[in-house]
Amino acid sequence: MQMLGEFKLPHFFNYPPYFTLQPVRDTREKQIQLWKELILDYCRTQKVFVIGLDEDFQLFSNPAIERSLSHESREAFLSALVLEGRAEWLDKGHRKCLILWHRIQDWADLILRFVKENGLEDSVMTVEEIRSGVESRGTELHGVDRTILMRALKLLEHKGKLAIFKGTSADDEGVKFSI
């Protein structure tokens, strides 16, 4: 079994045709599904939130079989994730893609669980404390992309679960939980 660091790669990763967009529709659909699952799994375990289409991303090449995904293949696989709400293009040129291994609602649920498990129901925290504070260590929230976190917090604010307040800088934006 091939590894990428500590990440175990699936068997298809060693099959050269999976690095070329397949012309037969059924085969291509299976190929796209396998790549979508691999991208989400890899990004979740490695805490990768943004993939640059034009940047080297080690998942998109396999030196052992001397294969790399073309730009067209990368865009096809990421676009498939976008279509099912598991990613979003960060720019109009489709050069950077935000990966949502959890949908925004799922991130919001993780925040609520984090607040309840840590007894923070009526407390105030900075956004940075949620992302990198002592309480979040060992949770999926630790190191979460700021864009994803803010979208989940705004969803919870809309539902009346918290209030976001601005500080003098982005580093001291606060959250008052009212769960």
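Heavy-atom basis, side chains included; hydrogens, waters and symmetry copies ignored.
Interatomic distance, CG of L53 versus CG of D91, reported as 9.0 Å (0.5 Å rounding). Interatomic distance, CZ of F177 versus CG of L120, reported as 6.5 Å (0.5 Å rounding). Rounding to the nearest 0.5 Å gives a distance of 10.0 Å between CD of E121 and CG of L112. To the nearest 0.5 Å, atom NZ of residue K176 and atom CG of residue D122 are 5.0 Å apart. Distance check: F57 CZ to C97 SG gives 10.5 Å after rounding to the nearest 0.5 Å. Note: H102 NE2 to I104 CD1 = 11.0 Å, rounded to the nearest 0.5 Å.
Salt-bridge formation is detected for the pair R131/E128: a Lys NZ or Arg NE/NH1/NH2 atom is positioned less than 4.0 Å from an Asp or Glu carboxylate oxygen. Under 4.0 Å is where a charged nitrogen must lie from a carboxylate oxygen, and between R95 and E55 no such pair does. Residues E140 and R44 are not paired through a salt bridge, judged by the lack of any N-O separation under 4.0 Å between the basic side chain and the carboxylate. A salt bridge links E88 to R151: at least one charged side-chain nitrogen sits closer than 4.0 Å to a carboxylate oxygen.
Around atom CD of E66, no more than 12 heavy atoms belonging to other residues, nucleotides or ligands sit under 6.0 Å away. For H71, the NE2 atom sits in a packed shell: over 12 heavy atoms of surrounding residues, nucleotides or ligands are nearer than 6.0 Å. Shown here is K161, whose NZ atom has no more than 12 heavy atoms of other residues, nucleotides or ligands within 6.0 Å.
Note: Y15 and Y18 have tilted aromatic rings, judged against thresholds of 30 and 60 degrees for the angle between ring planes.
Between W101 and K47, the shortest heavy-atom contact is CH2-CA, 3.9 Å.
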Using the rule given for side chain to side chain contact (heavy atoms under 4.5 Å, CB included), can you reason through I39 versus I51, listing the C-alpha separation, both sets of side-chain angles and the distance that settles it, and then say yes or no?
CA-CA 10 Å; I39 291 167; I51 297 176; 3.9 Å; yes
Given E37 and Y42, is the side chain to side chain donor-acceptor pair (under 3.5 Å) satisfied, shown in steps?
CA-CA 8 Å; E37 292 168 7; Y42 179 81; over 6 Å; no
I'd like to know whether Q33 forms a side chain to side chain donor-acceptor pair (under 3.5 Å) with E29, so could you lay out the CA-CA distance, the side-chain angles of the two residues, the decisive distance to 0.1 Å, and finally the verdict.
CA-CA 6 Å; Q33 185 60 37; E29 286 175 7; over 6 Å; no
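For E72, the side-chain contact (heavy atoms from CB on, under 4.5 Å) partners are L21, S70, not counting sequence neighbours.
In this structure, the ring of F13 has its center less than 6.0 angstrom from the ring center of F19.
For the pair E75 and W89, the minimum side-chain heavy-atom distance is below 4.5 Å.
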